[in-house]
Novice: 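My questions all concern the structure below.
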There are 2 protein chains.
Amino acid sequence: MLKLSRLTDYAAVVMAQIARHPEASHAATELAEAVQLPHPTVSKTLKMLVRAGLLVSQRGAQGGYRLARPASQITAADIIAAIEGPVAMTECSQAEGDCELVATCGVADNWQRVSLAMRTLLESVTLAHLADTAPIKLPVQLPIQTISLSAASA
Amino acid sequence: MLKLSRLTDYAAVVMAQIARHPEASHAATELAEAVQLPHPTVSKTLKMLVRAGLLVSQRGAQGGYRLARPASQITAADIIAAIEGPVAMTECSQAEGDCELVATCGVADNWQRVSLAMRTLLESVTLAHLADTAPIKLPVQLPIQTISLSAASA
DNA sequence: CAATTGAGTACCATTTTAGTCCTGTATAAA
DNA sequence: TTTATACAGGACTAAAATGGTACTCAATTG
């Protein structure tokens, strides 16, 4: 289904929750209650987000998590990458790209273009958009024509 | 990584292979050799593609598989859906949509919009594009602004 | 120093995915 | 009509990813 993993889903929800109160520090326990998810799982997710540089953590009493930068500067692609690794539709879309079938494959180039277009789409959606309870209104203005399937230099 | 499953990847490769010789009937064995993949796996993939209506099969001697319609009328989304089910980024993006967290989630609507934009993107890429050994040149002209994040009626 | 809260690690259960095999059935050609 | 070819369907197994839990350590505050 080309679905996000459940943890990624959680991550988005939690990030949105934090983004709605950007001033405060949010303890894992508090967040877990707010989003109605098991505490250890939320905690795990938060740690991944810290490691990816999307959140900063403060230990000790009165500690908790805060956004590392404004919600408008955190993208859906960032969140997905934090949990699942870089957005890439196929083996060969990744940097390492050690697929032994490249010779007989014949679709690698084109998949990579599609993959790039998807990444661009996801990079155009910010946490501020996601956290907004009202449906997003802004036109994204994706320059998809120039990116997706013509001369991509990847 | 928001990655395609390996079977989906195979499906795309096999479909492209068939698309390059649309006149002939292609036996599973022949295709397996052409793309250098284990025969039973290719066979399984082919069966799924038939069930999804993307291929038609012919039993008996000289039988095999052919495209059910021109390559230009089969999309990447079709192929993905044939193997993985409908393209949907989150639980709640699907028709059934029985996620109990909708209340506390707060990002469902917006994820659905993103999901829809991705689906549109994948629907704009045809098998003819994928099968083309040269990088795709055509501008896709996705009307993404009107679809992705503004008033979607889903 | 004690209470709070995050960090790290290891582990287990479940689910999904991938791959194989076997038996049945339709078709075409000899 | 017989035989070889080739798809159909389903059952089964193995492997991997995923999700979830538990436990211990480290840091900060008061």
Side-chain angles (χ1 to χ4, degrees), chain A residues 1-14 18 24-68 80 82-85 88 90-91 99 101, chain B residues 1-14 18 24-68 80 82-85 88 90-91 99 101:
Chain A
M1 312 197 192
L2 211 68
K3 199 162 33 178
L4 299 177
S5 86
R6 216 185 299 187
L7 281 186
T8 308
D9 218 337
Y10 297 170
V13 174
V14 168
I18 298 176
S25 250
H26 301 265
T29 313
E30 172 213 324
L31 290 169
E33 268 186 38
V35 301
Q36 287 291 299
L37 290 173
H39 169 240
T41 301
V42 170
S43 183
K44 188 178 181 180
T45 308
L46 288 166
K47 277 179 249 176
M48 288 195 257
L49 292 166
V50 169
R51 229 171 303 160
L54 304 185
L55 293 177
V56 290
S57 63
Q58 173 76 21
R59 291 187 180 185
Q62 311 306 318
Y65 295 90
R66 278 171 297 111
L67 297 183
I80 296 173
I83 309 295
E84 313 193 13
T90 54
E91 284 300 334
C99 168
L101 297 173
Chain B
M1 312 198 191
L2 210 71
K3 199 162 34 177
L4 299 177
S5 85
R6 216 185 300 185
L7 281 186
T8 308
D9 217 338
Y10 296 169
V13 174
V14 169
I18 296 176
S25 251
H26 300 266
T29 312
E30 171 212 325
L31 290 169
E33 269 187 37
V35 301
Q36 287 292 299
L37 290 172
H39 170 242
T41 301
V42 170
S43 183
K44 187 178 182 179
T45 307
L46 288 166
K47 278 180 245 178
M48 288 193 257
L49 292 166
V50 169
R51 231 172 299 160
L54 305 185
L55 292 178
V56 290
S57 62
Q58 172 77 21
R59 293 187 178 185
Q62 310 306 317
Y65 296 90
R66 277 170 297 112
L67 297 182
I80 295 172
I83 311 294
E84 313 192 13
T90 56
E91 284 300 334
C99 168
L101 297 172

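As the structure is a prediction and not an experimental result, all values here were calculated from the model. Just so we're on the same page: letters track the sequence lines, and every chain starts at 1.
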Novice: So which atom in B:Ala68 and which in B:Gly53 form the shortest heavy-atom distance, rounded to 0.1 Å?
Specialist: CB-O, 3.3 Å

Novice: Contact class for B:His26 (heavy atom, under 4.0 Å): base, sugar-phosphate, or nothing?
Specialist: sugar-phosphate

Novice: For the CG atom of A:Leu54 and the CD1 atom of A:Ile18, what is their distance to the nearest 0.5 Å?
Specialist: 10.0 Å

Novice: Can you tell me how far the OG1 atom of A:Thr8 sits from the CE atom of A:Met48, to the nearest 0.5 Å?
Specialist: 8.0 Å

Novice: Counting distance only, does the side-chain N/O of A:Glu84 pair as donor-acceptor with the main-chain N or O of B:Leu2 below 3.5 Å?
Specialist: yes

Novice: Output the distance between atom OG1 (A:Thr41) and atom CG (A:Leu46), rounded to the nearest 0.5 Å.
Specialist: 10.5 Å

Novice: Evaluate the side-chain proximity of B:Leu31 to B:Leu37: yes if any heavy-atom separation is below 4.5 Å, no if none is.
Specialist: no

Novice: Looking at every heavy atom in both B:Val42 and B:Ala28, which two are closest together, and how far apart are they?
Specialist: CG1-O, 4.1 Å

Novice: Which sits closer to the 5' end of DNA chain C, A:Ser43 or B:Lys47, going by the nucleotide each is nearest to?
Specialist: A:Ser43

Novice: Near DNA chain C, which residues from residues 52-67 of chain B have a heavy atom under 4.0 Å away?
Specialist: B:Gln58, B:Arg59, B:Gly60, B:Ala61

Novice: Please state how far atom CE in A:Met48 lies from atom P in D:dG20, giving the value in whole angstrom units.
Specialist: 11 Å

Novice: Of all nucleotides in DNA chain C with an atom under 4.0 Å from a non-hydrogen atom of chain B, which is the first and which the last going 5' to 3'?
Specialist: C:dA18 to C:dA28

Novice: Supply the atom-to-atom distance B:Thr45 OG1 to B:Leu7 CG, rounded to the nearest 0.5 angstrom.
Specialist: 5.0 Å

Novice: Side-chain contact, heavy-atom cut-off 4.5 Å: A:Tyr65 with A:Lys47?
Specialist: yes

Novice: Using a cutoff of under 3.5 Å, can you pull out all pairs of nitrogen or oxygen atoms linking the protein to nucleotides 13-19 of chain D, with atom names and distances?
Specialist:
from, atom 1, to, atom 2, distance (Å)
D:dG19, OP1, A:Arg6, N, 2.4
D:dG19, OP2, A:Ser5, OG, 3.3

Novice: What contact category does A:Pro38 fall into here, base, sugar-phosphate, or nothing, at under 4.0 angstrom with non-hydrogen atoms?
Specialist: sugar-phosphate

Novice: Can you confirm whether B:Leu67 sits close enough to B:Leu55 that some side-chain heavy atom of one is under 4.5 Å from a side-chain heavy atom of the other?
Specialist: yes

